[in-house]
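Comments concern the structure below.
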Amino acid sequence: MLDELSKLFHHTRKMEKGSFLFQEGSTANELYMIQSGIVQLTKIIPDGRELTLRMCSRGELVGELDLFTPSPSYLLSSRVVESGEVAVIMKDVLEEKLSTNLPLSLEFMKWMSKQYRKTQTKFRDLVLHGKKGALYSTLIRITNSYGNKTSNGILIELPLTNQDLANFCGTSREVVNRLLSELRKNGIISVNKGSITVHDLNYLKTEIDCEDCPIDICKID
């Protein structure tokens with residue numbers, strides 16, 4: 001799918017940390033294929049808090065939720081958390097290509113289905129296990145996406161603040177602070193200079209009745 005889409009790229013664009021590729025409610029006429037860097041896809045929920053749905057890196061397509069919809073606006077916001085570059089695809093060009101190219105459409109549907117399953121399992125953990133389940137499942141997913149096995153455990157090689165984790169869980173920073181403190185006290189994780197190391201991944205999985213989903217589903221990106 002990526003090879004086919006690469007033929008539709010109009011140009012590339014630099015993205016700087018802290019900026020937005022697009023914001024919720026703005027006109028949706030472009031999609032982006034990440035070439036380098038990392039972006040967050042977020043949604044503002046009714047009480048004003050920010051919910052982070054995905055972290056996207058090289059090879060990921062963002063803005064796809066707005067394809068083939070009558071809405072002219074983006075449903076989510078895309079904030080850059082690591083500077084890089086994106087390839088830009090016009091929405092109408094991609095829609096036309098998907099309408100006329102069956103193999104590409106099938107591959108795109110498979111990819112969309114996988115994204116839906118990722119989101120579905122995330123909300124399952126939140127509904128069944130509350131804020132604790134949301135945090136534990138987030139930590140598991142982050143280790144699968146950005147974890148590096150060391151002699152001391154799994155080091156998460158992605159700088160995340162407690163507020164970042166709270167956004168993934170749809171809760172407050174204070175709740176995440178308390179839950180992380182409990183995990184540190186019990187030796188499940190440790191934190192050094194802002195980097196989290198998970199020492200007992202099985203504990204997190206047991207606490208949320210982990211179904212051992214395939215790694216490509218149990219990821220944060």
Side-chain angles (χ1 to χ4, degrees), residues 1-6 8-26 28-45 50-67 69 73-91 94 98 104 107-123 125-126 134 137-148 156-161 163-170 196 213-221:
M1 184 180 78
L2 297 183
D3 289 340
E4 284 291 322
L5 289 179
S6 66
L8 307 178
F9 295 161
H10 279 233
H11 58 276
T12 59
R13 181 181 302 167
K14 298 289 185 182
M15 56 181 189
E16 299 297 329
K17 181 177 179 180
S19 64
F20 286 87
L21 280 179
F22 52 82
Q23 291 183 276
E24 184 178 348
S26 61
N29 52 21
E30 295 178 338
L31 292 92
Y32 306 89
M33 182 70 72
I34 301 175
Q35 307 296 295
S36 61
I38 300 174
V39 301
Q40 285 180 336
L41 291 183
T42 63
K43 177 77 175 179
I44 301 299
I45 52 182
E50 185 177 82
L51 177 63
T52 300
L53 298 176
R54 285 167 54 200
M55 297 280 284
C56 302
S57 54
R58 179 178 173 82
E60 289 287 331
L61 185 69
V62 295
E64 77 286 348
L65 292 180
D66 303 285
L67 284 171
T69 65
S73 303
Y74 288 110
L75 301 176
L76 305 174
S77 294
S78 180
R79 178 187 290 115
V80 181
V81 296
E82 181 181 293
S83 298
E85 187 176 77
V86 292
V88 182
I89 309 172
M90 300 306 295
K91 177 184 174 183
L94 180 56
L98 291 174
L104 179 62
E107 287 301 312
F108 191 83
M109 289 172 63
K110 290 178 183 178
W111 181 79
M112 286 290 291
S113 176
K114 182 182 294 185
Q115 301 308 317
Y116 172 75
R117 286 185 63 193
K118 289 179 182 179
T119 301
Q120 185 181 47
T121 56
K122 178 177 180 178
F123 284 118
D125 294 336
L126 178 58
S137 66
T138 295
L139 289 173
I140 293 169
R141 288 180 170 86
I142 294 175
T143 61
N144 289 336
S145 296
Y146 299 99
N148 180 34
I156 296 175
E157 296 186 321
L158 179 70
L160 290 169
T161 66
Q163 185 61 60
D164 290 330
L165 290 172
N167 291 346
F168 274 112
C169 303
I196 298 175
C213 299
I215 293 296
D216 62 340
I217 296 298
C218 188
K219 299 180 74 176
I220 210 69
D221 50 13

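- Here the CD atom belonging to E30 is positioned 12.5 Å from the CG atom belonging to L94, to the nearest 0.5 angstrom.
- Nearest heavy atom pair, residue N29 against residue Y74, reads N-OH, 3.7 Å.
- In this structure, Y32 and V88 have side chains that are in contact, with non-hydrogen atoms separated by less than 4.5 Å.
- Of the possible donor and acceptor atoms, one in the side chain of Q35 sits under 3.5 Å from a partner among the backbone N and O of M33.
- The structure places CH2 of W111 at 4.5 Å from CG of L61, a figure rounded to the nearest 0.5 Å.
- Annotation: the span from L31 atom CG to L21 atom CG amounts to 11.0 Å, rounded to 0.5 Å.
- Residue L51 holds its CG atom at 8.5 Å from OG1 of T42, rounded to the nearest 0.5 Å.
- Looking only at distances, a side-chain donor or acceptor of S83 sits under 3.5 Å from a matching main-chain atom of K17.
- Shown here are the side-chain hydrogen bond (donor to acceptor under 3.5 Å, both in side chains) partners of E24, two or more places apart in sequence or in another chain: K43.
- Legend: residues meeting side-chain contact (heavy atoms from CB on, under 4.5 Å) with T161, ordered by chain and number and at least two apart, are Q163, D164.
- Checked by atom type and distance alone, the side chain of S73 pairs as donor or acceptor with a backbone atom of G25 at under 3.5 Å.
- Among all heavy-atom pairs drawn from I140 and C218, the shortest one is CG2-SG, 3.8 Å.
- Residues satisfying the side-chain hydrogen bond (donor to acceptor under 3.5 Å, both in side chains) criterion with K114, sequence neighbours excluded, are D216.
- Separation of atoms CD1 (I34) and OG (S78) is listed at 6.5 Å; rounding is to 0.5 Å.
- Between the side chain of T138 and the backbone N or O of A134 there is at least one donor-acceptor pair closer than 3.5 Å.
- With a 4.5 Å cut-off on side-chain heavy atoms, Y146 and S57 count as touching.
- With sequence neighbours left out, R58 forms a side-chain contact (heavy atoms from CB on, under 4.5 Å) with no residue at all.
- R141 and S137 form a side-chain donor-acceptor contact under 3.5 Å, judged by distance and modelled atom types alone.
- Applying the salt bridge (Lys or Arg N to Asp or Glu O under 4.0 Å) rule to E157 yields no partners; only residues at least two apart in sequence or on another chain are considered.
- Considering only heavy atoms from C-beta on, M55 comes within 4.5 Å of L158 through its side chain.
- Remark: E50 engages R79, N167 in a side-chain hydrogen bond (donor to acceptor under 3.5 Å, both in side chains) (not counting sequence neighbours).
- L165 places a side-chain heavy atom less than 4.5 Å from the side chain of I196.
- Taking all atoms of both residues into account, the shortest heavy-atom contact from S77 to F20 is CB-CE2, 4.1 Å.
- Atom SG of C56 and atom CG of L41 lie 4.0 Å apart (nearest 0.5 Å).
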